[in-house]
Amino acid sequence: MLLKEGQVRIPSGCAISGFIHKDGKKEDGRRIIDSIEIMHERSNGLGGGFAGYGIYPDFADCYAFHVFYNTQKSMSEANEYIKARFKIVSESSMPTRKMKEITNEPNIWRYFLKPLEHKIAEYDVLEDEFVF
């Protein structure tokens with residue numbers, strides 16, 4: 001059977017874009033957004049995303065989790081799981097720009113977390129491994 005374009009899914013297919021300000025200059029994000037717009041489907045049909053480093057200087061000593069919720073039930077269950085393992089330093093809804101093309105959008109929630117020390121000890125792993 002011959003597969004057509006868009007029917008092949010290669011999970012490892014990806015594209016990378018990035019830049020850094022060595023002087024610590026702030027960036028509004030427009031340049032990185034422009035650079036990833038053309039990578040929307042990543043050539044493998046699995047969608048795309050991006051990561052940032054140093055974008056929350058007020059929470060530099062925390063882990064930032066961005067979670068997409070489709071239901072209130074999923075949010076409640078995830079909150080239970082998170083609270084059992086992390087101290088929530090701050091949490092809030094992620095600001096987003098409404099787009100007519102996106103309907104039934106998820107609730108995107110942002111957490112700034114610190115792992116609970118007794119949980120790291122319980123799992124007997126390094127902090128980064130625990131968070132991973």
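Values below: every heavy atom of this structure, side chains too, minus hydrogens, waters and symmetry copies. Keep in mind it's a predicted model, so treat the numbers as computed, not measured. Here, residue 1 is the first one in the sequence, and each next residue gets the next number.
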Task: Candidate pair Arg85 and Tyr123, rule side chain to side chain contact (heavy atoms under 4.5 Å, CB included), full reasoning - done: CA-CA 11 Å; Arg85 291 159 180 82; Tyr123 285 88; 4.0 Å; yes

Under a 4.5 Å cut-off applied to non-hydrogen side-chain atoms, are [X] and [Y] in contact?
X	Y	answer
Arg110	Pro95	yes
Asp128	Tyr63	yes
Arg31	Asp34	no

Task: Residue pairs fulfilling salt bridge (charged side-chain N to carboxylate O under 4.0 Å, His left out) with at least one residue in residues 16-26, sequence neighbours excluded - done: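 Listed once each, the pairs would be none.
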
Separation of [Y] [atom2] from [X] [atom1] (nearest 0.5 Å):
X	Y	atom1	atom2	value
Ser92	Tyr111	OG	OH	10.0 Å
Trp109	Met94	CH2	CE	11.5 Å
Ile120	Lys114	CD1	NZ	11.5 Å
Met75	Glu80	CE	CD	13.0 Å
Asn107	Glu105	CG	CD	9.5 Å
Phe130	Glu122	CZ	CD	8.0 Å

- [ ] Search all heavy atoms of Ala84 against all heavy atoms of Leu116 and return the closest pair with its distance.
- [x]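 Of all heavy-atom pairs spanning Ala84 and Leu116, the closest is O-CD1, 3.7 Å.
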
TODO: Take atom NZ of Lys119 as the centre, draw a 6.0 Å sphere, and report whether it contains more than 12 heavy atoms from other residues, nucleotides or ligands.
DONE: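 Atom NZ in Lys119 is crowded, with more than 12 foreign heavy atoms closer than 6.0 Å.
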
- [ ] For atom CG of Asp124, decide whether the heavy atoms of other residues, nucleotides or ligands shown that lie under 6.0 angstrom number more than 12.
- [x]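 Result for CG/Asp124: open.
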
Task: Ile88 vs Leu113, side chain to side chain contact (heavy atoms under 4.5 Å, CB included): CA-CA, chis, key distance, verdict - done: CA-CA 5 Å; Ile88 299 175; Leu113 307 170; 3.6 Å; yes

- [ ] Verify the cluster assignment for Ile108 and Tyr56: are they in a single hydrophobic cluster under the rule of side-chain heavy atoms below 4.5 Å apart?
- [x]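 In one cluster: yes.
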
Open item on the list: Is there a path of hydrophobic side-chain contacts, each under 4.5 Å between heavy atoms, that joins Ile82 and Phe68?
Closed with: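 No; tracing contacts between hydrophobic side chains, which count when under 4.5 Å, never links both residues.
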
Task: Exercise: do Asn79 and Tyr69 side chains pair donor with acceptor under 3.5 Å - done: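 No donor-acceptor contact under 3.5 Å links the two side chains.
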
Task: Those residues that, when tested against Phe65, pass ring pair (Phe, Tyr, Trp, His ring centres under 6.0 Å) (two or more places apart) - done: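 Only Phe86 meet the ring pair (Phe, Tyr, Trp, His ring centres under 6.0 Å) criterion with Phe65.
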
